[in-house]
Amino acid sequence: MALDLNRRRFVLGAHMTVLTVAASPLLAQSRSVWSAENAFDALLSDTARIIDVRTHKEWQETGVGAGVWPISMHASGFPDRLFRAKELSGDRTVGLICATGGRSASLLRALRQAGYSGYADISEGMLGSGEGPGWIASNLPTVPVDVALNGLPPALA
């Protein structure tokens, strides 16, 4: 019952979010705000999963981080897919990335307010922000959107 109530709170908060919108991998996993490089290191060491919450158009323009799951927060069914991704991640932290860190930070706030843990904000985003250069400028690998979508676990497709 409590989980169901938290899920309802998150869904409401997530909808509001859409409208308003140099550590080791283990240390990065323990924090709730990561750099793009920390996130990639955690992904490589299999201590994290990462979700790109941007739009399909944004994915087409820049590609998606290699190994990152593209699950747009702008698509219907996003909360269910987000929670399913967390389930599939097991004990791993789920990093959230967007273009410049605004949407991912808002989403993390909504998750925390609803009582969820195990998520982190990749505050630089794909394009960079005041927090750092971002995934692309850090020369971290990207793949075309069709490759990223084909790499989604079947439960998330």
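Here the structure is a predicted model, which is why all the values come from computation and not from measurement.
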Gap between atom [atom2] of [Y] and atom [atom1] of [X] - 0.5 Å precision:
X: L127; Y: T62; atom1: CG; atom2: OG1; result: 6.0 Å
X: Q60; Y: T55; atom1: CD; atom2: OG1; result: 8.5 Å
X: S104; Y: L111; atom1: OG; atom2: CG; result: 11.0 Å
X: L43; Y: R49; atom1: CG; atom2: CZ; result: 7.0 Å

I'd like to know if the side chain of [X] and the backbone of [Y] have a donor-acceptor N/O pair within less than 3.5 Å.
X: S129; Y: S123; result: yes
X: K86; Y: T93; result: no
X: N38; Y: W34; result: no
X: W59; Y: A148; result: no
X: R112; Y: R109; result: no
X: T47; Y: A42; result: yes

Shortest non-hydrogen contact from E124 toward A36: OE2-N, 3.4 Å
Minimum-distance pair of heavy atoms, taken over all atoms of L108 and L96: N-CD1, 4.3 Å
Less than 4.5 Å apart, any side-chain heavy atom of [X] and any of [Y]?
X: R84; Y: L88; value: yes
X: D121; Y: S32; value: no
X: F40; Y: P141; value: yes
X: V53; Y: F78; value: yes
X: T100; Y: M126; value: no
X: I122; Y: I50; value: yes
X: I97; Y: I51; value: no

Residue from [options] passing side-chain contact (heavy atoms from CB on, under 4.5 Å) with [X]:
X: V94; options: W69, F83, Y119; result: Y119
X: R54; options: C98, S72, P70; result: C98
X: L149; options: V147, D146, V145; result: V145

Step-by-step side-chain contact (heavy atoms from CB on, under 4.5 Å) determination, I71 to L156: CA-CA 8 Å; I71 304 174; L156 298 177; 4.0 Å; yes
Candidate pair V64 and T142, rule side-chain contact (heavy atoms from CB on, under 4.5 Å), full reasoning: CA-CA 5 Å; V64 176; T142 60; over 6 Å; no
Lys/Arg N to Asp/Glu carboxylate O, R103 vs E58, below 4.0 Å: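 Salt bridge flag = yes for E58 with R103.
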